[in-house]
Peer 1: 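Can you keep this structure in mind? I'll have questions shortly.
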There are 2 protein chains.
Amino acid sequence: MNTPNRPPTIADVARQAGVSIATVSRVLNGSTPVVGETAERVQEAIRALKYVPRTAARVLASRRTNTIGLLLPEISDAFFSPMLRGIEAAAREAGFDLLIHVTGEPSSASRAHPPLGEHNTDGLLIFTDSLEADEIERLHMLGLPLVLMHQSVAGYEIPTITIENKDGAFRIVDHLIKVHGRRRIVYLRGPERHEDSLWRERGYCEALEANGLPVDEELIRVGAFDRQTAEAAVGEMIARGVDFDAVFSGDDESALGVFTALQAAGRRIPDDVAVVGFDDVPFAPFLAPALTTVRAPIEQVGREAVRQLVRLIRGEQAEALTLLPTEVIVRNSCGCK
Amino acid sequence: MNTPNRPPTIADVARQAGVSIATVSRVLNGSTPVVGETAERVQEAIRALKYVPRTAARVLASRRTNTIGLLLPEISDAFFSPMLRGIEAAAREAGFDLLIHVTGEPSSASRAHPPLGEHNTDGLLIFTDSLEADEIERLHMLGLPLVLMHQSVAGYEIPTITIENKDGAFRIVDHLIKVHGRRRIVYLRGPERHEDSLWRERGYCEALEANGLPVDEELIRVGAFDRQTAEAAVGEMIARGVDFDAVFSGDDESALGVFTALQAAGRRIPDDVAVVGFDDVPFAPFLAPALTTVRAPIEQVGREAVRQLVRLIRGEQAEALTLLPTEVIVRNSCGCK
DNA sequence: GCGCTTTCTGAAAGCGCTTACATCATTATA
DNA sequence: TATAATGATGTAAGCGCTTTCAGAAAGCGC
């Protein structure tokens, strides 16, 4: 804090109120009673001096940061806005500051050594694919409270918040088959090792099998939960003459790419190819046609993750696994009207 | 940091390497040369102990937080994703952590006393409508580096990053008039006192006047840059039989609400009513019809704001005003095909 | 009046680190 | 050979706060 004008410290407040710095601290923190008249004098001095306690000093002396860290692999996908809203609001309600770090691509040094950890937070929220397993283990061994989102780990107990991926995927693919008679359904996978994606693929496969359809590897491609990757994947399938009558795009961001590729190839949605997504991000109802998708309670995932982390920080017990329900949201892109 | 297992400190590293803690600090920070063999021993001890320096101690001793604070009024609008991406990336490149706080509604206590300031950051990025003028003044008087985004203040020199609102608005309204012959154009205002909104309204009015059209107060409503508010405003105009053939929605999020209201009322876009927005958020091309809008270089605003703030933090001179250009992006909602 | 308990407050230690200043050893120069 | 300069390292102070422990005063019961 390189300010030319030195902000007031606790010593300035103590001097003005005519008490010790211990008393000022007590008034600030309510940790020990202070008689009314003394407390009044202290409050008045705080007001007059516009005193704001220095966070670093508090953290160092109390050994608590009052900060929650959040690690994300990226931030631009429309999926993250509602989740951030949920996390930010819940952290604030619980009296914690939120420090967000985006680790970036898989090769990024941040994944092995992120600038968030036991040194500057009371606990970490870790979104899937944002931190290496070794570092998760190190932090867990140190006893730093951790909560995983959309990811689980084997071998040790870290609370996990996730959603009903498989069930949601099963039901939306079942809808395509049963209600719209689709038989050649593409699945666009998410990023490699992305746990949500693995479960969604399993739901997709189970829906096919439950309806007596074979799982055709030619219909399973990589969309990486990314608009451009999905667009390229579908574009390539079309160019190679692969026969399909529906696309389950893995997430809504990919669905945008699917729309683009189909429209570029003159395929009508949903007449020629039905398209369904996953997540129900804010723009989904406004697409042309309005996207049929699985609603993931994204904001709720964020809120619940903070709740569990705060319990851990306070030394309470947290739920090992919190599974939030998904829901098929039928709009127009599947063929319903 | 309530860990049952105490993480290693600099003293542990010093003991293991057989040097003083000052030498360890020097190796860590490269502030003073340390001979190769000694430095090697220190690095090895750091690795073996998996030592991570405690941020609070560094901040307190060095009087620098290496943290940039960002204040936003909200976070769920699609506008903020690209901006966060720009800010986050630029902060990381400059070696700063980013601490984000969302102040919430106008009545929120956070606006007067946010949990970000001189006590825990080296500088603040302040997005318009996120912090009260009194607090901006207090922080400025303390000498805390500040950069404003999409907002300016009179009376003292705080660097400002903003975009060509008026010019962009003028050109898109001009396009509606000149190319599509629209004569009854609605403007949906942003939140009260929102500077971008004021300039956009001015551009709107000037375009009308430049084309010999009167400014009709009945056509100026409040959309508050919010989907539901915009939907309600347009719905009310329709219910009251107000005649209009175009809507300039103020921002893209509001355009979603305009679309909804028009479609609910059986008005065809753009045949009956043309709709144009502002910002060119990621979903704009995918709407039905694809939204004609003014592209604001959102991510670049974020990047540039960090650049200027970092200059201030380093004691360098920053630009007083940075005005980034906007560009009309013609798609289909205005009537072009 | 005496002894014990409770309440309130101040002094002091210390959280983990940075860095100024002092010291020592080595090298270069006169 | 003596002196000065340079480089590397250690000691100690202190950043701003929290909290433990000690002491004083007041109140209560016998």
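Chain naming here is simple, since letters A, B, ... match the order of the sequence lines and numbering starts at 1 in each.
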Peer 1: Run B/His119 and A/Tyr51 through ring pair (Phe, Tyr, Trp, His ring centres under 6.0 Å) and show every step you take.
Peer 2: CA-CA 10 Å; B/His119 58 292; A/Tyr51 167 69; 9.9 Å; no

Peer 1: Separation of A/Arg64 atom CZ from C/dG16 atom C1', in whole Å?
Peer 2: 18 Å

Peer 1: Salt bridge check: are B/Lys50 and A/Glu135 linked by an N-O gap of less than 4.0 Å?
Peer 2: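 Looking at B/Lys50 and A/Glu135, the cut-off is not met.
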
Peer 1: Decide whether B/Thr160 and B/Gln151 meet the rule of one side-chain donor and one side-chain acceptor closer than 3.5 Å.
Peer 2: no

Peer 1: When you measure from the side chain of A/Gln308 to the backbone N and O of A/Glu319, does any donor-acceptor pair fall under 3.5 Å?
Peer 2: yes

Peer 1: Per the salt bridge (Lys or Arg N to Asp or Glu O under 4.0 Å) rule, what does the pair list look like for residues 24-33 of chain B, sequence neighbours excluded?
Peer 2: none

Peer 1: What is the separation between atom CZ on A/Arg15 and atom P on C/dG10, rounded to the nearest whole Å?
Peer 2: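 These atoms are roughly 14 Å apart.
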
Peer 1: Starting from C1' on D/dT20, measure out to CG on A/Asn29 and report it in whole angstrom.
Peer 2: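 To the nearest whole Å, that distance equals 15 Å.
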
Peer 1: To the nearest 0.5 angstrom, please state how far the CZ atom of B/Arg41 sits from the OG1 atom of B/Thr23.
Peer 2: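 It comes to 9.0 Å.
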
Peer 1: Specify the separation, in whole Å, of atom CG of B/Leu49 and atom C1' of C/dG16.
Peer 2: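 My rounded result for the distance is 15 Å.
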
Peer 1: For every nucleotide of nucleotides 6-15 of chain D, 5' to 3': is a protein heavy atom under 4.0 Å from its base (B), only from its sugar-phosphate (S), or from neither (-)?
Peer 2: --SBBB--BB

Peer 1: So, does B/Arg58 get its side chain near the phosphate of C/dC17, meaning an N or O under 4.0 Å from OP1 or OP2?
Peer 2: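 No.
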
Peer 1: Round to the nearest Å and state the distance from B/Asn66 atom CG to C/dC17 atom P.
Peer 2: 15 Å

Peer 1: Scan every strand shown for a Watson-Crick or G-U wobble partner of C/dG16, both distances under 3.5 Å, and answer none if you come up empty.
Peer 2: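 Partner of C/dG16: D/dC15.
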
Peer 1: Can you tell me the Watson-Crick or wobble partner of C/dT7, both distances under 3.5 angstrom?
Peer 2: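 Its partner is D/dA24.
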
